[in-house]
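Below is one structure, written out as structure tokens, with a few remarks after it.
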Amino acid sequence: MTTQLPLPDGLADLPPGAPGTTAPPSGRRTGWRAVLPTWTPKLAIGLGLVAAVALFGLLGPLLAGDPNTIRNIGLTGPSGDHWLGTTQTGQDVLDQLTRATRGSLQIGLFVGVLATALSALVGVVGGYAGGLVDEAFSLLSNVMLVIPGLPLVIVISGFVPAEQRGSWTVVLVLALTGWASAARVLRAQTLSVRNRDYVAAAKVAGEKPWRVICVEILPNLLPVLASQFVFSVVAAILSEAGLSFLGLGASNSSTLGTMLYFAQNGFALQRDAWWWFVPPGLIIAALGCGLALVNLSLDEIINPRLRRPGRRRNTPEKADRSPNHAVRSTAA
Amino acid sequence: MRYYARKTGFYLVALWAAVTLNFFIPRMMPGNPVDILMAKLQQRGGTVGPSVRRSYELLLGADHSDSLAQQYLSYLNNLLHGDFGISVSAYPAKVSDVIGQSLPWTIALVGLATLISFVLGLTLGALVGWKRGSWLDSIIPGTTVLAAVPYFWLALILAALLSSTLNWFPLLGGYDVTYDIGWNWDFVSSAVQHGILPALTIVISSVGGWLLGMRNMMVSTAAEDYILTARAKGLRNRRVMIRYAARNAALPSVAGFATSLGFVVSGSVMTEQVFSYPGIGGRLLQAVENNDYALMQGIFLVITVAVLGANLLVDLLYGLIDPRTRAGN
């Protein structure tokens, strides 16, 4: 966990993100810079992969042709006209891929934001309030954690008729079933931040509870929040792909999962049409990998012991071990 | 004692929550599942008496005279007697029988594969964490890649490679259907042969998570004072690693094992879909495709109970191996 270094007196009035003005030459990383991860090859590769996939999903559909155009050249391999070949009905795989990447990214982002917000609400508020509220909130998140997620999602999707199953239904279901473990991690971190002196000082100064949470506690949870957000995005993209692959995804959207579903149903595997089913999986893998690498860098902020010896930052305090976090990593 | 009571109490609450969720989901969703079910049942030549309709209404909800509270009580009563209704897709079998047939397959395949993956991941993770900075560190990016690959895609590719192309393993099913199910050599060997490929895909896709978690804990543990003391005493490196570091570092992973059981069952849905394995996950999907709501709900409940039970067991064991957890509560 990064300790928020106290700002020098003169700078306390500046917004913490004021560009470039706050770094003193001593090499101590102050303000926001202390929260940002150190620049490592791992982080660079991770960000590069994420950026590449994001750009592909954002700009690709603008450059690509209509993904639904049907041609009379079914299941042909990559060529100059169709870089990634065609599907069973002659649709261009590359065109489909750009559209599907965008769809998957959208769903991942929405679910990530929703699930993180939910988990922050339950975890941080519960951890800060303590007492009965905490008991109730952590019971809720623990129960959600032990109820198996995918079967629950499948059952819910099964009850919603296919024609009413839009992207928003899928986003909502995935967010509602995916917030629990993040809430547990956030609660543990809140508990350790809650008892610091400056929080006590803020309380004594008469700050209202919501202000203490938003201004004093949340900024210190940023690295944890960011890492949980990344986790949720990866989990959401993977679960959505799984759901769509099972034929239970949104009926009106095209994602990487639906592409794989159609590839499987078009016997792409049996016909050795690797250009159809390999690229969607590779894109998911690249995105997941990139986000995981970013997360590893975030982990090193949260748990400084994971940093390589010799590349230490100026964090004099011994970091507390967070076994919860280790558990979270294994579950992902 | 208080620890055990607390844990048991928690799982009872979780069970109640799952049962209640199961009760409310069909009632909150659009559409009228009871009518769909009755229509399906009639197509299959089932006789639709009022008692059958009544039991479906209790399970799925419908507009009739009973209050919600009364429906809820009758639903609980039916569950207590193990009455999940009649399956439409496997008519006229009872839901409980259908589940009983498919459950052993899943437990044997997924349970064994998970255990292998857990042990393998912990062993490798301990090694990698202990020898930090050596060439072993290069395993870590590999596990990250594996964790990011969608499981079903990995399984598909492995199946295409090892089964379709190289012909090492049979592709589909849980056993050779020409043999009778039972404890005879032909059947068992064919079941084992069919199980290796699905198990392999499960192990490959899940071992990375265990490895990474164990490695991180091992790194944390290696900085503890008692490790330094053990070294100062002149104990052999191997002994320090296994007896002092690994045993302590494994604790969160053991707790994580319980949490991951949920993921195990979820994974089984995918595994069984890809390999047409006759387990409970595949059944769940068939039920969804056929609008077999009674079977869906029954399977969801059974999966939940199994996961909760396994969690409880691990929690109780955990209290035994790590006394600090008992004291903390």
Side-chain angles (χ1 to χ4, degrees), chain A residues 42 139 142-143 145-152 154-161 164 181 234 238 241-242 245-248 256-257 260 264 269-270 272 274 277-278 280-281 284-293 296 299 303 305-306 308-309 321 323-332, chain B residues 10-11 13-14 17-18 21-22 25-26 29-31 33 133 144-145 147-154 156-157 159-160 164 209-210 212-214 216-217 219-220 223 251-253 255-256 259-260 262-263 265-266 269-270 273 284-285 287-289 291 293 296-297 299-300 303-304 307-308 311:
Chain A
K42 236 190 294 187
L139 182 67
N142 283 337
V143 166
L145 208 61
V146 287
I147 292 181
L150 188 72
L152 180 62
I154 290 176
V155 168
I156 295 180
S157 308
F159 274 110
V160 183
Q164 293 180 30
S181 54
V234 176
L238 284 177
F245 174 69
L246 296 175
L248 293 169
L256 296 165
L260 286 166
Q264 160 91 341
L269 269 175
Q270 285 84 342
D272 286 330
W274 55 268
F277 66 85
V278 170
I284 299 181
L287 186 64
C289 235
L291 289 173
L293 284 174
L296 280 182
D299 271 354
N303 185 359
R305 283 192 200 189
L306 292 178
R308 287 176 163 280
R321 271 165 56 199
N324 269 330
H325 204 269
V327 171
R328 174 78 160 121
S329 311
T330 58
Chain B
F10 166 71
Y11 285 107
V13 172
L21 210 60
N22 207 16
I25 288 173
M29 296 298 160
T144 317
V145 177
V149 172
Y151 164 75
F152 59 89
W153 186 70
L154 186 80
L156 282 177
I157 294 208
S164 303
W210 297 119
L212 204 62
M214 181 64 182
N216 286 356
M217 275 314 290
V219 169
S220 295
L251 287 175
S253 293
T259 340
S260 83
F263 293 84
V265 185
S266 316
V269 179
M270 292 290 177
Q273 166 76 359
L284 177 61
L285 284 174
V288 170
E289 276 158 25
N291 289 329
Y293 299 113
M296 255 160 76
Q297 295 224 296
I299 290 180
F300 175 66
I303 288 180
T304 311
V307 170
L308 291 183
N311 266 294

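All chains are named by letter (A, B, ...) in the order of the sequence lines, taking the proteins before the strands, and each is independently numbered beginning at 1.
- With chain A as the partner, the residue from B/Thr304, B/Leu154, B/Ile157, B/Leu21 showing the most heavy-atom pairs under 4.5 Å is B/Thr304.
- Of the atoms belonging to A/Leu248, it is side-chain heavy atoms, and not backbone ones, that fall under 4.5 Å from chain B.
- For the atom pair CZ (B/Phe10) and CG (A/Asn142), the distance works out to 4.5 Å, reported to the nearest 0.5 Å.
- Separation of atoms CD1 (B/Ile299) and CD1 (A/Ile154) is listed at 10.0 Å; rounding is to 0.5 Å.
- Chosen from A/Leu256, A/Val234, A/Val278, the residue pairing most often with chain B at heavy-atom distances under 4.5 Å is A/Val278.
- Across all non-hydrogen atoms, the minimal contact from B/Ala17 to A/Val143 is CB-CG1, 3.6 Å.
- When heavy atoms are compared at a cutoff of 4.5 Å, A/Leu260 approaches chain B solely by way of its side chain, counted from C-beta outward.
- The structure places CG of A/Leu238 at 13.5 Å from OH of B/Tyr151, a figure rounded to the nearest 0.5 Å.
- Across every non-hydrogen atom of A/Gly281 and B/Trp153, the tightest pair is CA-CE2, 3.3 Å.
- Using a 4.5 Å cut-off between heavy atoms, A/Val155 touches chain B through backbone and side chain atoms alike.
- When each of A/Ile284, A/Leu246, A/Leu291 is scored by its heavy-atom pairs under 4.5 Å with chain B, the top score falls to A/Leu246.
- When heavy atoms are compared at a cutoff of 4.5 Å, B/Leu156 approaches chain A by way of both its backbone and its side chain.
- Remark: A/Ile147 CD1 to B/Asn311 CG distance equals 11.0 Å, nearest 0.5 Å.
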